[in-house]
Each structure stands twice: as structure tokens, then as C-alpha cells.
Amino acid sequence: MEWKIVHVKETDSTNNWLRNSLRPADQCLQPLVVWTDYQTAGKGQGTNSWESERDKNLLFSILYHPEGIPANRQFTISMAVSLAIVDALGEQIGDVNIKWPNDIYWRNGKIGGILIEHRLMGQTIKDTIIGVGINVNQRIFHSDAPNPVSLWQIHGHETDREILLHEILDRFSRYVNQDVKERYVSMLYRRKGFHPYCDKDGTFMAEFKDVEDDGHLLLCDENGREHRYAFKEVQYII
């Protein structure tokens with residue numbers, strides 16, 4: 001896959017930058033990537049913000065036009081980009097996993113996050129904007145986020161952000177056209193054993209059972225009862 005890559009010094013968010021650049025003809029263009037040194041309004045999932053010191057981290061978004069991916073299989077894109085990041089970071093630090101659905105963890109610390117927005121046309125995906133934030137060279141975090149960690153904090157030296165970007169894009173190009181479900185499951189955080197979770201009914205212990213094709217998480221509690229969750233319906237207790 002050939003990428004058109006744009007670098008901007010500052011923007012409110014790279015997802016917004018791409019969204020504002022969309023034109024009807026864009027569906028015929030090559031995949032577009034924008035990355036920035038600083039976001040003034042970077043977002044995580046939901047109402048969460050994303051702390052990132054200027055010039056320190058890798059902040060980018062991908063505008064991708066899937067070919068023939070039905071709306072009910074859109075989770076394949078999330079799996080592909082998560083695995084691309086896990087592989088690229090894993091070569092440097094090891095112990096990198098995916099906390100369902102697509103947070104990137106090193107051990108018990110969050111090193112990256114992904115925000116995906118789809119536009120649908122009928123029963124298929126017209127285009128996708130994939131926003132990624134990875135903690136690269138930041139040394140100190142000041143927000144109240146519970147468990148951020150950066151590459152620098154792990155291995156103690158600077159990482160070239162642009163090289164890391166290309167490594168992730170190369171891997172995403174391969175994964176997005178493959179069946180990656182088995183590998184995705186193998187890289188999940190807490191995929192083995194019982195761990196604490198919390199849902200609308202309170203806290204409980206459960207073990208991972210599966211991730212459905214549409215992205216729903218299946219857990220099995222200590223009493224053998226199966227629980228099925230969409231995103232934001234269950235929390236990991238860390």
C-alpha cells in the first residue's frame with residue numbers, strides 16, 4: 001500500500017484534520033496519513049483527553065478506504081491497526097499487548113490508544129479515520145490518567161517518531177487484508193486466567209473466552225456464567 005503522508009506542526013486533532021479534508025473524490029485517492037507534533041484538543045475514547053507533550057510523541061491519523069468490508073465486520077480494521085502497533089513496539093520493548101478493544105499496553109501501563117471513526121455507505125464501510133496516539137519520548141506525565149507509560153520510560157533513550165510511523169504503516173498494510181482474529185486474540189491483555197472486572201452490576205472475577213467478529217467481548221465468570229459486552233460496558237480493574 002502506498003501512503004500519502006502529511007506532517008503538520010500543530011492541529012486541534014489529526015482526526016479532525018482528516019475529516020475536514022474529506023471531499024467526494026477522496027474515495028478514489030490513495031490512503032492519506034497526517035501526523036503532528038502537537039494536538040491542542042487530542043481525544044481518547046468517549047470524553048477522555050489524550051495528554052501529549054509537544055514534539056515528544058507519535059500522534060497520527062489514517063484515512064483509509066476499505067474495499068468490500070461489510071459494516072458488521074468493521075472490527076477487522078481495529079484488530080489490524082492494533083497488531084501493527086503491537087508488532088512495531090514489541091520489537092523495541094517486548095511485553096506489549098492489546099487491552100480490548102484497542103488500547104496498547106506494556107505490562108500494566110498504557111502506551112498507546114486508538115480512536116476509529118467509520119462512515120458507512122449502505123452495508124459497507126465507505127471510509128475510515130483511524131486516530132493513534134503513542135507515548136514515545138515523553139518522560140513525565142502530569143494528567144490524572146492512571147497508568148501512562150512511554151517508550152523512553154521503558155528503555156531510556158529517544159525514538160525517531162517518523163521511523164516508528166513508517167514501521168506501523170508497513171505492518172498495517174499487510175494486516176488489513178488478512179484474517180488476523182487468531183493473532184489478535186493471542187496478543188490480548190489478560191487473555192489467560194481470572195481477573196477483576198466491573199460492569200453496571202458491580203465487580204466480579206472472570207476469564208477471557210472470546211472476541212466476536214463484530215468486536216463484542218465474551219467473559220466467563222467464576223460461576224460459569226457467560227457475559228457479553230460492547231465497548232464501554234465493562235471495565236478492567238487494574
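What's counted below: heavy atoms across the whole structure, side chains too, no hydrogens, waters or symmetry copies.
Between Lys181 and Glu212 there is no salt bridge, since no side-chain nitrogen of the basic residue lies less than 4.0 Å from a carboxylate oxygen of the acidic one. Under 4.0 Å is where a charged nitrogen must lie from a carboxylate oxygen, and between Arg183 and Asp87 at least one such pair does. The pair Asp214-Arg228 meets the salt-bridge criterion, since a charged nitrogen lies less than 4.0 angstrom from a carboxylate oxygen.
Taking CD of Gln235 as the reference point, atom OH of Tyr197 lies at 12.5 Å (rounded to 0.5 Å). One distance of note links CD1 of Ile154 with CD1 of Ile111; it measures 4.0 Å at 0.5 Å rounding. To the nearest 0.5 Å, atoms CD (Glu207) and CD (Glu222) are separated by 9.5 Å. Lys99 NZ to Tyr236 OH: the interatomic distance, rounded to the nearest 0.5 Å, is 6.0 Å.
Taking a 6.0 Å sphere around CD1 of Ile140, one finds it holds 12 or fewer heavy atoms contributed by other residues, nucleotides or ligands.
A side-chain donor-acceptor contact under 3.5 Å links Tyr105 and Asn147. Using modelled atom types, one finds no donor on one side chain facing an acceptor on the other under 3.5 Å when comparing Glu10 with Thr40. For the residue pair Tyr189 and Asp103, no side-chain donor N or O sits within less than 3.5 Å of a side-chain acceptor on the partner.
Applying the side chain to side chain contact (heavy atoms under 4.5 Å, CB included) test between Phe172 and each of Ile130, Val132, Asn177 identifies Ile130 as the sole match.
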**Q.** Criterion side chain to side chain contact (heavy atoms under 4.5 Å, CB included) on Leu169 and Ile62, from CA distance to verdict
**A.** CA-CA 9 Å; Leu169 294 177; Ile62 300 169; 3.7 Å; yes
Q: Test ring-ring contact (aromatic ring centres under 6.0 Å, His included) on His227 and Phe204 and set out the steps.
A: CA-CA 11 Å; His227 302 256; Phe204 62 100; 5.2 Å; yes
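Considering only residues two or more places apart in sequence or on other chains, Gln123 meets the side chain to side chain contact (heavy atoms under 4.5 Å, CB included) condition with none of them.
Counting heavy atoms from C-beta outward, Glu162 and Trp35 have side chains that approach closer than 4.5 Å.
When hydrophobic residues (I, L, V, M, F, W, Y) are linked wherever their side-chain heavy atoms come within less than 4.5 Å, the members clustered with Phe194 are Met205.
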